[in-house]
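Written below as structure tokens is the structure these notes are about.
Order of listing sets the numbers, starting from 1, for every ligand and every atom in it. Everything numeric in this text was worked out from a predicted model, so none of it was measured.
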Amino acid sequence: MRQILLALLATVALYSAATTSPPPGTPDFKLVQLGEGVWAAIGSDAGKAGANAGFVVGENGVAVIDTFEDPGAAKELLAEIRKLTPLPIRFVINTHYHLDHVNGNDVFAAAGATLLAQRNVHDWMRSENLKWWGDKIKPEMKARVESLKLPDLVYDQGVDLYLGSRKLEVHSYPGHTGGDSIVYVHDAGVVFCGDLFWNRNIPNLTDATTDAWLKTLDTLVGYGAGKFVPGHGEPGTALDVKGFRRYLIDLRAAVGKAQAAGKNGDALVQAVLPELQAKYGGWELFQEFGKSNIQQTSEELAGTKRVPKPAASTASSEPQVPYLPLRVKIGEKAPDFSLPGADGKIVRLSSLAGRKVLLDFYEGFW
Ligand SMILES: [Zn+2]
């Protein structure tokens, strides 16, 4: 998040003391144990981690959830895991494509892990991550983004992983980017939510679809788990997830009300900001994301928001139905409601229900 924040803030020349380099020796994250072999790595605001990560130790290996914003922090996480267990790092799950969750992928790939993510993460990681800097991106950062270690294995809806008898359920849900996943450690009652949950932190809504996100949060609460690890902020409970859901509801309602009053653009932001600040001004990142949350939600409600789209080749999971080519001679009445196919065979129109037909008018148009 620091890299993303720095990029976003630098673009609007709003550099603040809080976003300068951390003092040397600042820890990048703290480890919090949430169950037997279940650890959250909570990124510190001042450190290089930029977001939360986590890991689960099973009978025959370790699964890591997200890899931070900086490879240095990822190396520290790997070192911490090595202090706890000699078991191999078998899997890394990227909860979404944002840089603050994937930039240490190469560290864990080098340690032998198989990287998994929802299909769109693979499509977006090296392209959508460039947008944080716009045309101000430095060549070395562009090169880094374009060489990020991609997932080795992708899924659409989810996948179950086994570390011996320990089962991890990975499920993909919409809302934050359109390619987010959670990792549910069933036997410990812990859900690693990635950025589908921000605990007392104002979210990054750049890619968000908040109406779908509300349904996703209902689903997460419905897991009945005791602990929810957010992408940003401290581990929380279902109550905290509901608190975050309330933020999105309040944001949408306030923006909708201002739109109904005829406001837009900066006037709308200024109209909504005090109401939002009164209730959520104490949350982390309010200064950084409060205004853009209003702006982006306004675009979403107006139907003008740009969100990342799945690559064309994977946009539809429907099998491709081949077209049936038919030749139509203009001016000639089709006898018996049938037409000659391109292969010369006569096709009865009544046999075409539900089929895609490619008509080839070969004597011009009327
Ligand atoms: Zn994040």
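Protein atoms of type N, O or S found under 2.8 Å from the Zn ion (ligand 1) total 4.
Here D218 pairs with R245 under the side-chain contact (heavy atoms from CB on, under 4.5 Å) rule; sequence neighbours left out. For the side chain to side chain donor-acceptor pair (under 3.5 Å) test, no residue two or more places apart in sequence or in another chain qualifies with Q270. Under the side chain to side chain donor-acceptor pair (under 3.5 Å) criterion, K167 pairs with no residue, sequence neighbours left out.
Using a cutoff of 4.0 Å between basic side-chain nitrogens and carboxylate oxygens, K291 and D266 are not scored as salt-bridged.
A side chain to side chain contact (heavy atoms under 4.5 Å, CB included) with V64 is found for exactly one of N94, L77, V56, L115, namely L77.
Outside the 6.0 Å centre-distance limit, the rings of F192 and Y184 are not counted as a close aromatic pair.
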